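Remarks on the structure that follows.
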There are 2 protein chains.
Amino acid sequence: MTNSDSISVPERKRGSGVKVVYDLLRDEILDLKLAPGSLIDEVQLAERFKMSRTPIREALVRLASEGLIETLPNRSTMVSNIDFLNLNTFFDALVLMYRATTRLAAQHHRPEDLAIIRGFHEDYAEAVKARDTLAMIATNAAFHAAIAEAGRNPYFTSLFRRLLDEGRRILSLYYKSYEDQFPQRFVDEHAEIIAAIEARDIEAADRLSKAHAELIVSQVLKLFSRKDQFDIAL
Amino acid sequence: MTNSDSISVPERKRGSGVKVVYDLLRDEILDLKLAPGSLIDEVQLAERFKMSRTPIREALVRLASEGLIETLPNRSTMVSNIDFLNLNTFFDALVLMYRATTRLAAQHHRPEDLAIIRGFHEDYAEAVKARDTLAMIATNAAFHAAIAEAGRNPYFTSLFRRLLDEGRRILSLYYKSYEDQFPQRFVDEHAEIIAAIEARDIEAADRLSKAHAELIVSQVLKLFSRKDQFDIAL
DNA sequence: TGCATTTTTCTTGTCGACATATAAAATACA
DNA sequence: TGTATTTTATATGTCGACAAGAAAAATGCA
């Protein structure tokens, strides 16, 4: 008897339901597999994940509290739109968190943190070499998140993670349109940042991370100002 | 027939359940009516709020994603402990957010924002005059949250709100023990901050908010270093 | 035809019940 | 008596079903 013959096999550990749904939906939203503004149906998800609506709803509540989806009372819930009109608030926060987390990493990192950071650094370099844009975006976010972890301030880390997540959505649009030489420059700058952290040079970490962040911001802004407004509005 | 005669009166609007539970539990946690570390029972809450466990659970999921409660798998959920060992990370984030939000308020505030801010300023002054510590804590948080709103950066605002919330719990302990003259000084400093914002003097707003935040931090640290360690551990 | 009103449909919000995992209690055994 | 094992108790995780709103469709009327 093959596995597909038996119908009533739960095959899922108790308590894992919410996490599975949350993780997968989150990834799909951040990779734009679920388009901003698209509607989410609980029953549909329940069928897809083969579970009841209760754990689905709890995953949605969590996504909503993180701003990834919006729920209209008594009416459907939808993937949050990217607010292009207020990108400046996003960039302001992003630059400040780049600086704050990198500074703290220079202060508080431990030897084992550097190994982790270097790991993601190499992953990113390989993604650049392979011209794999989705991997570039994901490993870049992981690299900076690892630096934030080494800074050991959970308040900064959680905001920064949220910003990096939102950045994944924005950068997905960016790299969908343009392939250019900047990723290689980012690799070099990452190496400089690592060196500053390792040397515990707080001011250098601050200066380099600030320049790095502002380069990204200026590139994305240049792109968006060049593109036709109607082209990017969802 | 009086209202109490009919047993099966829902008397609650559909969709309001989660919000009611969330708001009340949040307040009780922040005012220390629910002690850090105390256990939360879903069935008990369901009976208390006269609703089923489903909306209760969704409110708990939301509180958990904001870090106010922690949920042990398959076992009970509890009110998050205050991490006295890592207060420095809290203060680092708090000072930076005081500065960032006040700077942005000086840049982006609109006339109507100032009216709101002044309203909370007066509420706080009255609470100080009345020596109502719980009101002081709440209106102080509201005052600074209003400044953050005027800065119009939702990323900063949401982190700052979370920090102010956590601050409510810490300050509750502070004021439980000591009554002193600092609240009046805070009133004066608030007035100076408002003036800087109104004058759109970004550097002054930065300087004043930094000094204000650091005064609070140093006061709380002084208190905690004076107190017996075992006295405050939970 | 055009608009207001009623009906239908469809999705969400809530409920009560069952299943299961963990901790505590009880038992067995050396 | 002390430890290991089994049993029980209890709170959580999940389920299927019903009810209530809101939008869409259908109907009525001028």
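Reminder, nothing fancy here: chain letters follow the sequence lines and each chain counts from 1. The model shown is predicted, which means the values in this text are computed figures rather than measured ones.
The CG atom of A/L94 lies 11.0 Å from the CG atom of A/L87; values are rounded to the nearest 0.5 Å. Going from atom CG of B/N88 over to atom CG of B/N86 covers 6.0 Å, rounded to the nearest 0.5 Å. One distance of note links CD1 of B/I170 with CG of B/L32; it measures 10.0 Å at 0.5 Å rounding. Rounded to the nearest 0.5 angstrom, B/L164 CG and B/H144 NE2 are separated by 7.5 Å.
Whole-Å rounding puts the A/E58 CD to C/dT14 P distance at 13 Å. Atom CG in B/N74 sits roughly 11 Å away from atom C1' in D/dT14 (whole-Å rounding). Atom P of nucleotide D/dA17 and atom CD of A/E42 are separated by 17 Å, given to the nearest angstrom. Rounded to an integer number of Å, the gap from B/E47 CD to D/dT10 C1' is 13 Å. In this structure, B/K50 atom NZ and C/dC15 atom P are separated by 12 Å, rounded to whole Å. To the nearest angstrom, C1' of D/dA19 lies 12 Å from CZ of A/R53. For the pair B/L39 CG and C/dT22 C1', the computed distance is 13 Å after rounding to whole Å. One atom, CZ of A/R57, and another, P of D/dG16, lie 16 Å apart when rounded to the nearest Å.
Under 3.5 Å, the side chains of A/R152 and A/T157 contain no donor-acceptor pair of N or O atoms.
Comparing D/dT12, C/dC15, C/dT12 against the side chain of B/P55 picks out C/dC15 as the nearest. Of all nucleotides listed (D/dA19, D/dA22, D/dA11), D/dA19 comes nearest to the side chain of B/R14.
Side-chain to base pairing of B/R75 with C/dT22: one donor and one acceptor N or O lie within less than 3.5 Å of each other.
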*Canonical and wobble pairing (Watson-Crick, G-U, under 3.5 Å) of DNA chain D, dot-bracket with |*: ||||||||||||||||||||||||||||||
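In this structure, B/I40 reaches the sugar-phosphate backbone alone: every heavy-atom distance under 4.0 Å involves primed, P, OP1 or OP2 atoms, never a base.
At a threshold of 4.0 Å, the pair A/E42-A/R48 does not count as salt-bridged, since none of the basic side-chain nitrogens sits closer than that to a carboxylate oxygen. The pair A/R57-B/E58 counts as a salt bridge, with a side-chain nitrogen and a carboxylate oxygen less than 4.0 angstrom apart.
Under 4.0 angstrom from either OP1 or OP2 of C/dT14 there lies no side-chain N or O belonging to B/S52. Contact annotation: B/T54 side-chain N/O to C/dT14 OP1/OP2 distance is not under 4.0 Å.
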